[in-house]
Amino acid sequence: MILEKVRNMGIAAHIDAGKTTVTERILFYTGINRKIGEVHDGEATMDFMKQEQERGITIASAATSCKWREHTINLIDTPGHVDFTIEVERSMRVLDGIVAVFCAVGGVEPQSETVWTQADRYRVPRIAFINKMDRAGADYYDVMQQMREKLGAHPVAMQVPIGSAEDLKGVVSLTKMKAIYFPEGTAEEGDIPAEMMADVEQARHDMLEALSDFDDELAEKFLEEAEITPDDVRRVVRKAVLGLKIIPCFCGSAYKNVGVQPLLDAIVDYLPNPHDHGSVKGVNPDNPEEVLTRESNSEEPFCALAFKIIHDQFVGQQTFVRTYSGILKPGDALINTTNGKKERVGRIMRVHAKERVELEQVGPGDIVALIGMKDTHTGHTLCDPANPILLEKITIPESVISVKVSTKTPKELEKLHSSLRKMALEDPSFSVRVMERTNETVIAGMGELHLEIIVDRLRTEHKVEAIVGAPSVEYREAISKEVRHRYKHVKQTGGRGQFADTEIIIEPNPDGEFEFVDEITGGVIPREFINPVKSGIEDVLKNGVLADYPVVGVKVRLVFGSFHPVDSSEQAFKTCGAICFKEAFKKADPKLLEPIMALEINTPDDYVGDVVGDLNRRRGRVQEMSKSREGSQRIKGEAPLMELFGYATSLRSASSGRANYSMEVARYEPLPANIQAEVLEEARKRIEGEQAG
């Protein structure tokens, strides 16, 4: 495969902007599909999960490949709902470019901003497609203005729509200065309507003026009013896109088959190929200070990043990887440098949604699924064992809401845990834990919809009839001050006893992470017992101390201790480390942290007072209000998650069903003392009740 003719790209946007419909049209016009699948009919190719078809939304990012103008396009359709933001995050990590889809009526919406921030984080070049131009109220230029104001972007119009709403007839290419019409889905060039010519010439002047800032040769031609060819425009636009300087904007209506072929041309002309992405950087796993690079060519040692896991009933676990360098064939041995485990490739698959084609080898710059990986998870690096490299991991968002799950019989409980482990492997933003004190199984995720989908999949895919409790907030446990504590673990049970002695200092860690520092000198604790101490503490972090919530933001320094030549063991030090940490934690002014959600509410002007009043009653506050469109306000604010259960129903009631909202985690803050006391009292009663039962 010629790398210059590969495009690894994604389609991303706010929910309901039309991402999946755009993808379906791309698959149709590139010849992958013989008929168009519609989201509203539950027949979209890329939304093949039962839960996606029932709800008309994308839940899991789906991968496929297609051809256009002799180029291979590896395409990922990502979700727009904030509960599934991990799918966007991990896709951004491996893509070379994206098409950002905006609704011509809704404009830049909350999840559009989240997606944009993720793309900025990974420095992903992008182009924009302003969709739904056939809708009443569509405004191409207003959306571009919103991109400037809300995203800090530099949009440049590459097209002008011919008509709008029900009168949408086609688009004018400002590059070629030709009208493009779409009779029966084909793309045919024609003359620009005479009545539009003045507006089109002004739009082309504005486009060339904007592009002149990025190329001296074009600037000279523009100032001298010399001829500027389509190739001149494409060369400068491509350079500016790769440099993250501009966002070329295209428009149309995917549903009405208007504008898709020119969008495909833009993907080929302007989005980067793997060579443009350049070399990938990593570190030596044995020496993290040493930076290593891999060039995007087949002569280099193989390396790839795993970014998605899917369990398939026919082929087992599929591990999706983005390859960066070298050649990989079935049967090759690999090393997972993230966890040190060895892997062997069974098969290599080219995936089209739920269909697969087996490959004899894969080179750099591709996206494929590997069969046979046993210990590889999302964000892990796979590479040639003789040339190890560790690539940057993928950022995993924290879960904020949880429910308890159980089954009617112990036999089913085993099946429940097995199924949950598989799903947690597929989705790192979903976690499972068994509470130590009560033996209850708790699942946690990004929102109510996220957990609803998990439970639905348990019942339909895994045939587990789970009994589900009410949703509750996933608090975090933290400390407020530094504490020094020593604990001796001594047990004599007739025969060999247990002895371990540890002294630790715990202190708040501002970055929210757990940090363990070994400060043992003089061998007072032998080296082989240091890791067991850390392991014991890590077990406590998962299960919590106050009320079974995960512990965050703590630094532990192991400073002193002692051992017994006969009675000391790894298990004794693991137990000692856990108990020492628990006792120190209780003395360090422990507190519960609650998730604070950033809210964005769109409401008609008539209901602003009721909406704001309701938010204030929920310990929320308004940060900003602005006009979103005529007769409507956009309210930005924040409120604790625990006050937002049932908010959708309340908002509908307060606005006669006309307001909508979205939310995502902003940060964690300490719970007010009176509420913390209530939460801990409830936890105590629950634990006592379970233990008595």
Straight-line distance of His154 NE2 to Cys249 SG, nearest 0.5 Å: 10.0 Å
Gap between atom CD1 of Ile98 and atom CD1 of Ile127 - 0.5 Å precision: 9.5 Å
Any donor and acceptor pair, going by atom type alone, linking the side chain of Ser164 with main-chain N or O of Met133 inside 3.5 Å? no
Go through the steps to decide whether Ile26 and Val22 satisfy the test side-chain contact (heavy atoms from CB on, under 4.5 Å), and finish with yes or no. CA-CA 6 Å; Ile26 286 174; Val22 171; 4.1 Å; yes
Is there a side-chain contact (heavy atoms from CB on, under 4.5 Å) between Thr323 and Leu328 once you walk through the steps? CA-CA 9 Å; Thr323 63; Leu328 183 70; 5.8 Å; no
Going through the distances and angles, do Asn74 and Arg7 end up as a side chain to side chain donor-acceptor pair (under 3.5 Å)? CA-CA 6 Å; Asn74 292 322; Arg7 301 290 180 271; over 6 Å; no
Donor-acceptor pair, distance only, cut-off 3.5 Å: does the side chain of Thr21 make one with the backbone of Ala254? no
Any residue meeting side chain to side chain contact (heavy atoms under 4.5 Å, CB included) with Pro288, in chain and number order, not counting sequence neighbours: none
For Arg204 and Leu174, indicate whether the former's side chain and the latter's backbone hold a donor-acceptor pair under 3.5 Å. yes
Heavy-atom pair of closest approach, residues Asn8 and Pro274: ND2-CG, 4.0 Å
Closest non-hydrogen contact found for Val101 with Gly18 is CG1-C, 4.4 Å
Rounded to the nearest 0.5 Å, what separation is found between the OG1 atom of Thr337 and the CG atom of Asn387? 11.5 Å
Charged N to carboxylate O under 4.0 angstrom, Arg350 versus Asp366? yes
Under 3.5 Å, which donor-acceptor pairs link side chains of residues 212-228 to any protein atom two or more places apart or in another chain?
unit_1	atom_1	unit_2	atom_2	d
Ser212	OG	Leu208	O	2.7
Asp215	OD1	Arg235	NH1	2.9
Asp215	OD1	Lys239	NZ	3.0
Asp215	OD2	Glu217	N	3.2
Asp215	OD2	Leu218	N	2.8
Asp215	OD2	Arg235	NH2	3.3
Lys221	NZ	Asp232	OD2	2.8

Rounded to the nearest 0.5 Å, what's the gap from CE on Met196 to CD1 on Ile162? Could you check? 5.5 Å
Donor-acceptor check, side chain of Gln159 to backbone of Cys251, threshold 3.5 angstrom: yes or no? yes
Which distance, rounded to the nearest 0.5 Å, do you find between the CD of Gln202 and the CE of Met197? 14.0 Å
State, with a plain yes or no, whether a side-chain heavy atom of Met349 is found less than 4.5 Å away from one of Leu359. no
Between Thr72 and Lys5, is the side chain to side chain donor-acceptor pair (under 3.5 Å) condition met? List the steps. CA-CA 6 Å; Thr72 298; Lys5 295 206 168 185; over 6 Å; no
For Arg126, salt bridge (charged side-chain N to carboxylate O under 4.0 Å, His left out) partners two or more places apart: Asp120
Just to verify, what does Arg667 make a salt bridge (charged side-chain N to carboxylate O under 4.0 Å, His left out) with, not counting sequence neighbours? Glu638, Glu669
Residues in side chain to side chain donor-acceptor pair (under 3.5 Å) contact with Glu290, at least two apart in sequence or another chain: Asn284
Short side-chain to backbone donor-acceptor contact, Ser298 and Gly326, under 3.5 Å: no
Could I get the full list of salt bridge (charged side-chain N to carboxylate O under 4.0 Å, His left out) partners for Glu189, not counting sequence neighbours? Lys176
Decide yes or no for Asp96 and Arg322: does some side-chain heavy atom of the first lie under 4.5 Å from some side-chain heavy atom of the second? yes
Ser325 side-chain N/O to Pro301 backbone N/O, donor-acceptor pair under 3.5 Å: yes
Do Val94 and Tyr324 touch side chain to side chain, with heavy atoms closer than 4.5 Å? yes
Give a yes or no answer on whether the side chain of Ser279 reaches the backbone of Arg294 with a donor-acceptor pair at less than 3.5 Å. no
For a 4.5 angstrom cut-off between non-hydrogen side-chain atoms, does His71 reach Glu4? no
Just jot down the salt bridge (charged side-chain N to carboxylate O under 4.0 Å, His left out) partners of Lys178, sequence neighbours excluded, or say none. none
Between the main-chain N or O of Ala369 and the side-chain N or O of Gln318, is there a donor-acceptor pair closer than 3.5 Å? no
Can you list everything that forms a side chain to side chain donor-acceptor pair (under 3.5 Å) with Asp199? Sequence neighbours excluded, please. none
Quick one: does Thr175's side chain get under 4.5 Å of Arg234's, heavy atoms only? yes
Below 4.5 Å, heavy atoms only, C-beta onward: do Val280 and Cys303 meet side chain to side chain? yes
Ala187 and Ile180 have their tightest heavy-atom pair at CB-CG2, 4.1 Å
Any side-chain heavy atom of Leu3 sitting closer than 4.5 Å to one from Ser296? yes
Between Ile192 and Ala179 the two heavy atoms that sit nearest each other are CG1-N, 3.8 Å
Take atom CG of Asp191 as the centre, draw a 6.0 Å sphere, and report whether it contains more than 12 heavy atoms from other residues, nucleotides or ligands. no
Gln361: which residues meet the side chain to side chain contact (heavy atoms under 4.5 Å, CB included) condition with it, sequence neighbours left out? Ile327, Lys329
How long is the span from the NZ atom in Lys281 to the OG1 atom in Thr293, to the nearest 0.5 Å? 8.0 Å
Listed by chain and number, what are the ring pair (Phe, Tyr, Trp, His ring centres under 6.0 Å) partners of Tyr661, not counting sequence neighbours? Tyr647
Without placing hydrogens or testing angles, list every side-chain donor-acceptor pair under 3.5 Å for residues 262-273, not counting sequence neighbours.
unit_1	atom_1	unit_2	atom_2	d
Asp265	OD1	Trp68	NE1	2.9
Asp265	OD1	Arg69	NH1	3.2
Asp269	OD1	Arg69	NH1	3.3
Asp269	OD1	Arg69	NH2	2.7
Asn273	OD1	His275	N	2.8
Asn273	OD1	Asp276	N	2.9
Asn273	ND2	Asp276	OD2	3.2

Does any pair with a residue in residues 240-262 pass salt bridge (Lys or Arg N to Asp or Glu O under 4.0 Å), and if so which ones, sequence neighbours excluded? Asp134-Lys256
Residues Val156 and Ala210: closest non-hydrogen pair is CG2-CB, 4.0 Å
Quick one: closest heavy-atom pair of Val321 and Ala304, and the distance? CB-CB, 4.1 Å
Less than 4.5 Å apart, any side-chain heavy atom of Phe320 and any of Leu370? no
Could you tell me whether a side-chain N or O of Thr186 sits under 3.5 Å from a main-chain N or O of Phe182, the two making a donor and an acceptor? no
